[in-house]
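Notes follow the structure.
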Amino acid sequence: PPRMSYDECDVSLQIKCKEDAMERAITQEESLAAAFNEYRIDDIPSLYTNDAVLVPPNMDFVQSGDAIKGVFGALRGKLRGDAKFEPVSVEFESNVILEIGKSTIGSSFTSTYYVRHVCVGKRWYIETDILSINRGCSADVETEPRKESELAMKVALEGEQKLAAAYNGN
């Protein structure tokens, strides 16, 4: 896919503090959930940069609007009920947000996800979306959520490095 030409992030959209970052992440995830829940699968690729990477739970990453549509279409076809994508923790720079969140679709699917949001020109987009970074056997998730989100961020960043290596052919 063509690389995006990343225009400078419009100053009015830049992130200045953690609250901004969390609000922006919530807005982005609500747009994605709404499109998914209303069966507007065709609208989903426009929420992503055109060189975005999406890693579905089976771990074969995809990279194109059609492929992203395919993943969400397959999930929509398989899973009953509405999706909720809830940001749990965010790290940020003025034009980038790293988000860890919890996704649930109906009663049958729950996972921890990782998203890298970027601001391009006058819009925010999803640039990297790892739909499931669950490590097995995490029985202590509830007791220490703080550690869990640190672990999630670590797993996500490892995942992102692996993707970059695969993508750059190293």
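Note: hydrogens, waters and symmetry copies are ignored here, and every other heavy atom, side chains too, is used.
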Taking all non-hydrogen atoms of both residues into account, name the closest pair between [X] and [Y] and its distance.
X      : Y      : answer
Arg40  : Ala34  : NH2-C, 3.6 Å
Phe36  : Phe72  : CE1-O, 3.5 Å
Tyr113 : Leu131 : CB-O, 3.6 Å
Met22  : Pro87  : SD-CB, 3.5 Å
Phe92  : Ile15  : CD1-CG2, 3.4 Å
Leu13  : Cys119 : CB-SG, 4.0 Å

*Atom NZ of Lys16 with >12 non-hydrogen neighbours under 6.0 angstrom*: yes

*Do Glu127 and His117 have a side chain donor and acceptor closer than 3.5 Å?*
no

*Do Asp10 and Ser12 have a side chain donor and acceptor closer than 3.5 Å?*
yes

[X] side chain to [Y] main-chain N or O, any donor-acceptor pair under 3.5 Å?
X      : Y     : answer
Trp124 : Ile97 : no
Asn37  : Ala83 : yes
Arg76  : Leu79 : yes
Gln14  : Cys9  : yes
Lys18  : Val90 : yes
Gln63  : Asp51 : yes

